[in-house]
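Just below is one structure, and these are the notes that go with it.
Just so you know, these numbers use all the heavy atoms, side chains as well, and skip hydrogens, waters and symmetry mates. In what follows, chains are A, B, ... by sequence order, proteins preceding strands, each numbered from 1. The shown structure was predicted, so the numbers you read here are calculated from the model rather than taken from an experiment.
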Amino acid sequence: AQKVTQAQTEISVVEKEDVTLDCVYETRDTTYYLFWYKQPPSGELVFLIRRNSFDEQNEISGRYSWNFQKSTSSFNFTITASQVVDSAVYFCALTGAQKLVFGQGTRLTINP
Amino acid sequence: DGGITQSPKYLFRKEGQNVTLSCEQNLNHDAMYWYRQDPGQGLRLIYYSQIVNDFQKGDIAEGYSVSREKKESFPLTVTSAQKNPTAFYLCASSGTENTEAFFGQGTRLTVV
């Protein structure tokens, strides 16, 4: 069965601090895809990144970076020099066997 | 503009009544999904469909029903059998399992 675990329910940091959101997944599929989404207060989910199971290269996009480690089944997300606008709920997700499964989400609060 | 539309944004229902939530997409996506989100909780999969006239139960399908008569439409009916229907409902669509899902703005259902 597919499962995504985001152990950090809430994180609160002061602006400009770096913060890492953890994501651990379980799947029996050899081919799968991992995603991160952001949910601002408006409620609509916004896509951030996609990674397939054969590509373990880390990725950086501006202040955002992702670390995919297949050996530990983890796909962590780091925000560098956080800003108040980064405050949101962040979800990690996994596809395989035609299902898209989400973790519980991490509520990130960036304080000025 | 291409996108996914959920309506209504807010919905109130009396106990014992069935209610249908609308989800329409013009992205020509094959896959569509329904999720439920409770306060402070993650997204739980209710139903999903990979093709017209076919759909599968997710993790919490009891008390819900769906149809997929058209590619563009995937309505969700919350029946009176759903014991705790008050929640935020999100609809999503994707082209294939390896592409990101696009989400609607959600419907907040309240049972009064």
Side-chain angles (χ1 to χ4, degrees), chain A residues 1-11 21-27 29-55 59 61 66 88-109, chain B residues 2-11 21 23 25 27 29-51 54-61 68 74 87-109:
Chain A
Q2 295 169 271
K3 184 178 179 181
V4 177
T5 301
Q6 295 179 254
Q8 303 151 308
T9 305
E10 294 191 31
I11 299 175
L21 283 61
D22 297 332
C23 173
V24 175
Y25 63 91
E26 296 175 29
T27 181
D29 296 327
T30 53
T31 301
Y32 53 89
Y33 298 84
L34 295 161
F35 303 82
W36 274 96
Y37 288 85
K38 175 181 180 180
Q39 185 180 39
S42 63
E44 185 174 348
L45 267 73
V46 177
F47 165 76
L48 295 177
I49 190 171
R50 173 184 68 241
R51 174 68 69 224
N52 75 55
S53 52
F54 299 106
D55 182 2
E59 183 158 339
S61 176
W66 291 269
V89 180
Y90 290 86
F91 289 96
C92 182
L94 165 71
T95 62
Q98 303 180 333
K99 286 175 64 173
L100 175 59
V101 177
F102 285 80
Q104 291 292 92
T106 297
R107 180 175 298 278
L108 176 64
T109 302
Chain B
I4 182 165
T5 302
Q6 287 185 246
S7 61
K9 190 171 182 179
Y10 298 96
L11 189 57
L21 282 59
C23 179
Q25 54 99 357
L27 300 166
H29 284 169
D30 287 317
M32 296 188 75
Y33 307 86
W34 273 106
Y35 295 90
R36 170 180 172 141
Q37 186 177 24
D38 294 285
Q41 302 295 314
L43 302 177
R44 292 186 290 170
L45 183 62
I46 305 173
Y47 269 98
Y48 61 105
S49 168
Q50 296 293 328
I51 196 170
D54 188 39
F55 48 83
Q56 288 78 40
K57 292 182 179 179
D59 300 319
I60 56 165
R68 188 85 188 275
F74 192 41
F88 186 55
Y89 291 87
L90 281 161
C91 180
S93 71
S94 67
T96 61
E97 68 170 2
N98 64 336
T99 59
E100 65 270 26
F102 291 80
F103 283 80
Q105 292 186 318
T107 294
R108 194 168 297 280
L109 173 64

Using the ring of each side chain (for Trp, its six-membered ring), is A/Phe102 parallel, tilted or perpendicular to A/Phe91, with breaks at 30° and 60°? perpendicular
Chain A contact via B/Leu43 - side chain, backbone, both or neither, heavy atoms under 4.5 Å: both
On the six-membered ring of B/Phe88, is B/Arg108 placed so that its NZ or CZ lies under 6.0 angstrom from the centre and within 45° of the ring axis? yes
Would you mind checking which part of A/Gln39 comes under 4.5 Å of any heavy atom in chain B, side chain (CB onward), backbone (N, CA, C, O), both or neither? side chain
Should the ring pair B/Trp34 and B/Phe74 be called parallel, tilted or perpendicular, given that the plane angle runs from 0 to 90° and is split at 30 and 60? tilted
Using non-hydrogen atoms and a 4.5 Å limit, figure out which bit of B/Gln37 sits close to chain A: side chain, backbone, both or neither. side chain
Per-residue contact mode, B/Phe102 against chain A (heavy atom under 4.5 angstrom): neither
For the pair A/Tyr25 and A/Tyr32, name the ring-plane relationship: parallel under 30°, tilted 30 to 60°, perpendicular over 60°. tilted
Any salt bridge linking A/Asp29 with A/Lys99? Criterion: basic side-chain nitrogen under 4.0 Å from a carboxylate oxygen. no
Against chain A, label B/Ala101 side chain, backbone, both or neither, depending on which of its atoms sit under 4.5 Å from a heavy atom there. both
